[in-house]
Q: 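Got a structure for you, written out below as structure tokens; questions coming shortly.
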Amino acid sequence: MDALTQLALDPKYHDILAILKGVRNGIVYGAKVRFPHALVMTFLFKSGPLDAKIRGIFRATKQHAQNLGTFAFIYKSLLYIQKKLNGGKAADYHNFVAGVIGGYYVFGENNNINQQIVLYLFSRVIMALVKLPVKRQVIDAPQHTYPVFAAVVWGLVMWLFNKEADTLQPSLRASMVYIYKDSDNWNSLRNLFWHNK
């Protein structure tokens, strides 16, 4: 085993190296997720010169990757610090504290990338919280709740779209205009089936 491998596998450096690997993984994951999404959404829905589209794709990819890498650094560093201050023992609340601080610092700016990430997390967190009472056997698993949940969500979004569309997130609103409003208008077979407008 060479010296660098020994260093990498030495347990006394584990926590520090875990921070670095978390940064690396945040950056890689952010780029893997955002690049194809930005590429597809840009070429499907944005107009403008090609160079502006490419710059936009790379700007969005960089921001997403940088945000996840920065969050991983803050989160894992704060876990490490809290553990050290707590006599080398991790506590359950450490994750929450590190997440709150990292979330505020990294995702506190209200922009499109942060909104998408936070809303994605919010929906997953709510679903997980709804499952907790069943998992902990506080209540029995309710039957047939998902169809009701889906129906209410779709009913609410369609009502909002038709009555208060300006409150919806812009990309959601744009996709709904494309599907539900643009489909009301055509003046030839060409823009009835082959092209939207």
Q: Is any side-chain heavy atom of F107 closer than 4.5 Å to a side-chain heavy atom of L121?
A: no
Q: Quick check on D92: does its CG atom have over 12 non-hydrogen neighbours (other residues, nucleotides or ligands) under 6.0 Å away?
A: no
Q: Hey, quick one: are L168 and I113 part of the same hydrophobic cluster, counting side-chain heavy atoms closer than 4.5 Å, chains of contacts allowed?
A: no
Q: Can a donor-acceptor pair be found, under 3.5 Å and without considering hydrogens, that links the side chain of S175 to the backbone of L172?
A: yes
Q: Got a donor-acceptor contact below 3.5 angstrom from the H94 side chain to the A91 backbone?
A: yes
Q: Is it the case that over 12 heavy atoms from other parts of the model lie below 6.0 angstrom from the NZ atom of K62?
A: no
Q: Could you walk me through whether M176 and V157 pass the side chain to side chain contact (heavy atoms under 4.5 Å, CB included) test, one step at a time?
A: CA-CA 10 Å; M176 294 181 79; V157 78; 3.9 Å; yes
Q: Compute whether any side-chain donor of one residue and acceptor of the other, for N191 and N196, lie under 3.5 angstrom apart.
A: no
Q: Between NZ of K131 and CG of L129, what distance do you get to the nearest 0.5 Å?
A: 11.0 Å
Q: Of all the heavy-atom pairs spanning N114 and N67, show the shortest one and how long it is.
A: OD1-ND2, 2.7 Å
Q: Any side-chain heavy atom of I57 within less than 4.5 Å of one from M41?
A: no
Q: Y105, I117: one ILVMFWY side-chain cluster at the under-4.5 Å cut-off?
A: yes
Q: State plainly whether one hydrophobic cluster holds both Y104 and V118, where clusters connect Ile, Leu, Val, Met, Phe, Trp and Tyr through side-chain heavy atoms under 4.5 angstrom apart.
A: no
Q: Taking only distance into account, with no hydrogens and no angle test, what donor-acceptor pairs under 3.5 Å do side-chain atoms of residues 71-80 form with protein atoms, sequence neighbours excluded?
A:
| residue | atom | partner | partner atom | Å |
| --- | --- | --- | --- | --- |
| Y75 | OH | N95 | ND2 | 2.6 |
| S77 | OG | F73 | O | 2.6 |

Q: I need the full list of ring-ring contact (aromatic ring centres under 6.0 Å, His included) pairs touching residues 116-149, with sequence neighbours left out, sorted by first then second residue.
A: Y146-F149
Q: Side chains of V134 and D140: closer than 4.5 Å at any heavy-atom pair?
A: no
Q: Applying side chain to side chain contact (heavy atoms under 4.5 Å, CB included) to Q169 and Q115, what does each step give before you reach the verdict?
A: CA-CA 9 Å; Q169 200 268 344; Q115 248 189 31; 3.3 Å; yes
Q: Should V125 and V130 be regarded as members of a common hydrophobic cluster, given that ILVMFWY residues are connected when their side-chain heavy atoms come within less than 4.5 Å of each other, either directly or indirectly?
A: no
Q: Would you say the side chains of Q63 and N111 form a donor-acceptor pair under 3.5 Å?
A: yes
Q: Check for a donor-acceptor pair, side chain of D10 on one end and backbone N or O of K12 on the other, with a separation under 3.5 Å.
A: yes
Q: Pairing donors with acceptors under 3.5 angstrom, does anything connect the side chains of T5 and D2?
A: yes
Q: Any side-chain heavy atom of V177 sitting closer than 4.5 Å to one from D182?
A: yes
Q: Backbone N or O of A165 within a donor-acceptor pair of the R173 side chain at under 3.5 Å?
A: yes
Q: Any side-chain heavy-atom pair from R34 and Q116 closer than 4.5 angstrom?
A: yes
Q: Taking all non-hydrogen atoms of both residues, which atom of A38 and which atom of A60 are closest, and how far apart?
A: CB-CB, 4.3 Å
Q: Please round to the nearest 0.5 Å and tell me the distance separating atom CG of L50 and atom CZ of R55.
A: 10.0 Å
Q: Determine which pairs satisfy ring-ring contact (aromatic ring centres under 6.0 Å, His included) with at least one residue from residues 13-54, sequence neighbours left out, and list them in order.
A: F35-F58
Q: Could you give the distance from CD1 (I27) to NZ (K32), rounded to the nearest 0.5 Å?
A: 13.5 Å
Q: Any side-chain to backbone donor/acceptor pair from N162 onto M158? Under 3.5 Å, distance only.
A: yes
Q: Is there a side-chain contact between W186 and K197 (heavy atoms, below 4.5 Å)?
A: no
Q: In the structure I gave you, are the side-chain heavy atoms of Q82 and V97 within less than 4.5 Å of one another anywhere?
A: yes
Q: Looking at L44, I'd like to know if its CG atom is crowded, meaning that more than 12 non-hydrogen atoms belonging to other residues, nucleotides or ligands lie closer than 6.0 Å.
A: yes
Q: Can you tell me if T167 uses its side chain to pair, donor with acceptor, with the backbone of E164 under 3.5 Å?
A: yes
Q: Going only through I, L, V, M, F, W and Y residues with side-chain contacts under 4.5 Å, is there a path from L17 to L7?
A: yes
